[in-house]
Trainee: 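Below is a structure I'd like to ask you about.
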Amino acid sequence: MQDIRSRLAVVKPTRWVRFGLVSAIFFAWVAWLGNWWVALLWFLLVDIYLLGYIPFTWWKKSKNAAVRSVMGWVDAIIYALILVYFIFAFVGQNYQIPSSSLEKTLLTGDYLWVNKMIYGPRVPMTPVHFPLVHNKMPLTGTDSYLDSPSLEYHRLKGLRNVESGDIVVFNFPAGDTVTTRYEETPEYYDLLVKRYGREFIAAHPEQFGRIKYRPVDRRQNFVKRCVGLPGERIAIIADTIYINGKPQAMPEHVQFNYMVASSRVFDQEMLHDLGITPGDVTPVDFNAQQRAALSPWLEGATTSPYIYALPLTQEMITRLTEMGYVDGIFKMNNVYRTTGADINLFPEGISDNWTLADYGGGDGLLIPAKGLTIKLTPAAWATYNRCIRNYEGHNDAYLGEDGRVYIDGKPQDSYTFAMDYYFMMGDNRDMSQDSRFWGFVPEDHIVGSPMMVLISFDKDRSIFNGGIRWNRILRDANPDK
């Protein structure tokens, strides 16, 4: 005790002030965290700021100038990484839009600031990870995290719950099992299994890479719009979303796939002026017989020299028409309705007659909610088995040959959900890999909501020729909300 008193006696007043501020912030964080065992780390702060028993700054007393210089940089970098770790884990982080699923609300090349505090940040489930990367280290491609230790899902108190119409960043639910060579492509593991078979994938690592399980918070990040909340029934009828039987307003920038007959070439400058991504535009080379077959839907199919398939908003259609680029136009999913062209929709076995434009059946698809109890019929199992098995931890649950569902080894007639779930869709409706394909998003996969566009780059143009979208810098990332 005498030694402690002597050490405290020489602490400068300014250091006492810094210690007080840091302690106040630390205990506020512990209270928010709701785990008072973490408060024991305060004694480490006492030693760092006041007592100095642990020689964290031994290098400052070194006679070697090089050691002092190098360790000064190491010390600054470690402090910066710790700060970044806490900001990214509990406040927010940057996120890049990799695809066009939310165009024209969010654009490919947008860099967003994602607010994690709005819904309450998750306590990291894989707490030991490198803070500046998601799940793979650059260059080496090795995991950027350790599987152990791992923590159970716990979300801190946020400002509000997820609301209908929110744009939400979340971990890809179907990304729990991945093949390392396909992880960052639309070909997720379940699709590959349907196409090639589980055994074939496992036997050909040179083609697919390693099969790997990703923890929840290390799964790929997706960004979509929440269109269905826990406990609601969702249906889509002629492209309009119905919640509990009531039609919902379309987002301002929603777009669908169209086929356009034109007497004019869709050149790069025209597409840029309209805000159309050139990579989304497909010139269609039909022969005379195919054009004749298309003519009942597309006026000008047999006479116009150019036919294009592309996603368009209603504003783009109006502008294209006013500019004289439209000889004929039709929405492509109108044909899907008559041909049943959509495949692999969720849930498998239930959605055989559904399409992207008409989805959910007559009663709508019930979105699971915490505390909601359902009867475990074969149809319910087809719809909710992934929630029960993959998301809520009943890995051994199965549908028996007797038509009954077995959970934890016992037959069950009903099931009560332990989490809330959400239905997510892209505004680029016909070019979005979303809940219509892979199902519900569990609450423990929710990351946050984009708050603003930090900066935006157009990959189709050079930096000095419109490559930076200056008009999007610090722009609201959810203008329709």
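Predicted, not measured: the structure shown is a model, and the values here were computed from it.
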Trainee: Less than 4.0 angstrom from a charged side-chain N to a carboxylate O is my criterion; do D413 and R404 meet it?
Mentor: yes
Trainee: Taking 4.0 angstrom as the limit, do D143 and K212 come out as a salt bridge?
Mentor: yes
Trainee: Please confirm whether the ring centroid of F222 lies under 6.0 Å from the ring centroid of F172.
Mentor: yes
Trainee: Go through the steps for E184 and K136 under the test salt bridge (Lys or Arg N to Asp or Glu O under 4.0 Å), then give the verdict.
Mentor: CA-CA 11 Å; E184 296 180 7; K136 288 187 289 189; 3.5 Å; yes
Trainee: Between D176 and R389, is there a salt bridge with N-O shorter than 4.0 Å?
Mentor: no
Trainee: Is there side-chain contact between I317 and E315, with heavy atoms separated by less than 4.5 Å?
Mentor: no
Trainee: Using distance only, find each side-chain donor-acceptor pair of residues 405-412 under 3.5 Å and give its atom names and separation, not counting sequence neighbours.
Mentor:
unit_1, atom_1, unit_2, atom_2, d
Y406, OH, D402, OD2, 2.7
D408, OD1, H394, ND1, 3.4
D408, OD2, H394, ND1, 3.3

Trainee: Could you check whether R264 makes a cation-pi contact with Y325, meaning its NZ or CZ is under 6.0 Å from the centre of the six-membered ring and within 45° of the ring axis?
Mentor: yes
Trainee: Does K331 qualify as a cation-pi partner of F256, given the criterion of NZ or CZ under 6.0 Å from the six-membered ring centre and within 45 degrees of its axis?
Mentor: yes
Trainee: Less than 6.0 angstrom separating the ring centers of Y85 and F130, yes or no?
Mentor: no
Trainee: Is E183 paired with R214 through a side-chain N to carboxylate O contact shorter than 4.0 Å?
Mentor: yes
Trainee: Are D110 and R472 within salt-bridge range, i.e. N to O under 4.0 Å?
Mentor: yes
Trainee: By the definition ring-ring contact (aromatic ring centres under 6.0 Å, His included), identify the one residue from Y391, Y153, F170, Y422 that meets it with H445.
Mentor: Y391
Trainee: Between D434 and R429 (salt bridge meaning N to carboxylate O under 4.0 Å), is one present in this structure?
Mentor: no
Trainee: Can you check whether Y213 reaches R219 side chain to side chain, under 4.5 Å on heavy atoms?
Mentor: yes
Trainee: Mind checking whether Y359 and F423 have parallel, tilted or perpendicular rings, split at 30° and 60°?
Mentor: tilted
Trainee: Sequence neighbours excluded and cut-off under 3.5 Å, please list the side-chain donor-acceptor pairs for residues 193-204, or say none.
Mentor:
unit_1, atom_1, unit_2, atom_2, d
R195, NH1, E187, OE1, 2.8
R195, NH2, E187, OE1, 3.1
H204, ND1, F200, O, 2.8

